[in-house]
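Have a look at this one before I ask anything.
Just so you know, ligand 1 is whichever comes first in the structure, and atom 1 is the first atom listed for that ligand. What you see is a predicted model; the values in this text were computed from it and never measured.
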Amino acid sequence: MKKTLLCLAMTAAAVLSAPAHAADKSVQVIHWWTSGGEAAALGVLKNDLQSQGVTWKDVPIAGGGGSQAMTTLRARLLANDPPTASQMLGFNITDWAKQGVLQDLTPLAEKGNWAEKVPKALQAFDVYKGKWIAAPIDVHSTNWVWANKAVLEKAGVTTEPKTWDQFVTDLEKVKKAGFIGLAVGGQSWQEATMFDGVVLSTGGPDFYRNAFIKLDQKALTSPLMLKAFERMSTLRKYVDPNFANRDWNVATGMVINGKAGFQIMGNWALGEFNHADKVPGKDFLCFNVPGTQGSVTYNSDVFVFFKVGASEKAAQDLMAEDIMSPKVQSGFNVLKGAAPAVLGTSDADFNACGKKAIADLAYADKHNTLLGSMSQGYAVPPAIQNAFYDVISREFNGQITPQEAVKQLAAAAKAQY
Ligand code: BGC
C-alpha cells in the first residue's frame with residue numbers, strides 16, 4: 001500500500017515537473033460533435049492523434065450549424081485565450097481569416113498537394129488570399145430524408161417518394177397509421193436545414209442559387225419563394241406537439257426507434273443510424289428531398305488553427321496532416337455519414353448511404369449543381385444567415401404567414417454585414 005502511494009506521488013511529481021515542451025504535443029479543440037454518432041466519428045481523429053503522442057483536450061459545445069460554438073470562440077478570442085483549433089463552417093472561416101488570427105497551412109498543403117485533392121468549391125473557403133487556412137475533414141449535405149422502413153411498410157408506403165406531392169401523400173399515410181409523420185427538433189437551425197431542401201425542391205438549382213447565393217431580390221420575392229414557405233407550413237402539420245427545442249439527434253432517434261416515419265436532416269443523421277447499427281435498405285431508407293435529385297446543398301466541416309505560439313505549432317501541423325490523411329478521411333466519414341473532403345478516397349468501407357453521398361457529390365460537382373448550404377453557413381455571411389433563421393422559424397411556428405415571411409426574408413437579405 002505504502003509502496004503504491006509512493007509510486008503515485010513520484011509519478012505526479014514527474015508529471016508536474018515535466019519539461020515545458022511536453023505541452024507541445026497537445027491540442028485543445030472546440031467542436032459541436034456531441035451526439036453518439038458524432039462522438040464516435042471524432043474518436044477516429046482523436047485516437048489517431050493520441051497514437052502519435054498528441055493529447056486531445058476536448059471543448060464540445062452542442063448545436064448544429066455551430067452558432068453556440070462560434071459564440072464561445074469569439075468570447076475566447078476576445079479574452080485573448082484562443083483554442084489550438086476549432087471546427088468551423090463557410091463564411092465564418094473567411095471572417096476569421098480576415099482577422100489575421102489563423103495559422104497559414106500553405107506549406108503543409110503544398111507538401112500534401114491539397115489543391116489537387118480538395119473540390120474547388122471548398123477551396124473558395126479553405127483558401128484565403130492564396131493561403132490555405134483550413135483543413136476540410138468532410139463534405140456533408142442537407143437535402144436528405146431519413147425514413148424508418150418498418151413504419152413505412154405499416155403505413156402502406158412501398159417506395160421512397162420521388163416528388164413533393166408524393167412525399168406529402170406519404171406523410172399523410174404515416175400519420176393516419178398512428179405514427180408521427182415528420183420528426184423535427186424545434187430549433188431554428190434545424191428548421192432552416194429543412195428549408196434548404198424545400199427551396200431547392202420548389203424552385204430547382206438555379207432558383208436556389210439566385211435566392212440564397214446571389215441574394216437576388218427577384219428570386220427572393222417570387223411566387224416560388226411563397227410556395228416554399230407554404231410547403232413549410234404543410235410539413236408543420238406532420239410534426240408532433242412536443243417538438244420545441246428538441247435536439248436533432250433526438251429527432252433522428254424517433255425515426256430509428258419507429259416513432260416517426262421521416263426526418264429531413266443533413267446526412268450527419270446517418271451517423272446516428274450507423275451508431276445504432278442500423279442497415280440502409282433493411283432498417284431505414286436515405287434519399288434526397290423529393291425534387292432535389294441531382295443537386296447537393298453542401299457544407300464542409302473544417303478545422304482552423306489559431307496562432308497560439310510556436311510551441312503548439314508542431315501539434316497543430318500533426319493534426320492538420322492527420323485530418324487530410326486517407327485513414328482519417330475514410331475512417332471518420334464512414335462513421336460520420338459524410339463524403340470525404342479528399343477526392344479519390346476509396347468508398348469501399350462506406351455503406352449504401354455513404355456511397356450515395358460520395359456519388360451525389362461527384363455528380364453535382366460535374367453538373368454545376370453543387371450549392372452552398374444556406375442553413376450551414378455556405379451561402380451567406382452569418383448576419384444574413386441568422387436573420388434568415390429567424391424568419392424561417394417564425395413562419396414554421398405559425399407566428400407569421402408565408403406572405404409575411406417572403407417580405408421579411410427579402411428584407412433580411414439586404415442586411416449590412
Ligand atoms: C455540422 C455537422 C454536424 C451537425 C449537427 C453541422 O453544422 O456540419 O458536422 O454533425 O451540424 O451537429
Problem - Test: Lys111 and Glu321 ion pair at under 4.0 Å - result: yes

Exercise for the section: Taking the six-membered ring of Tyr238 (Phe, Tyr or Trp), confirm whether the NZ or CZ of Lys175 is under 6.0 Å from its centre and within 45° of its axis. Expected result: yes

Problem - Sorted by chain and number, the residues that approach ligand 1 to under 4.0 Å with a heavy atom - result: Trp32, Trp33, Glu38, Gly64, Gly65, Leu89, His140, Trp248, Trp268, Asn299, Asp301, Lys336, Gln376

Handout entry: SB check Asp81 Arg76 (cutoff 4.0 Å)
Key = yes

Problem - Atom NZ of Lys355 with >12 non-hydrogen neighbours under 6.0 angstrom - result: yes

Problem - Side-chain heavy-atom pair Ile133, Gln103 within 4.5 angstrom cut-off - result: no

Exercise for the section: Check whether any side-chain heavy atom of Leu182 sits under 4.5 Å from a side-chain heavy atom of Gln263, and report yes or no. Expected result: no

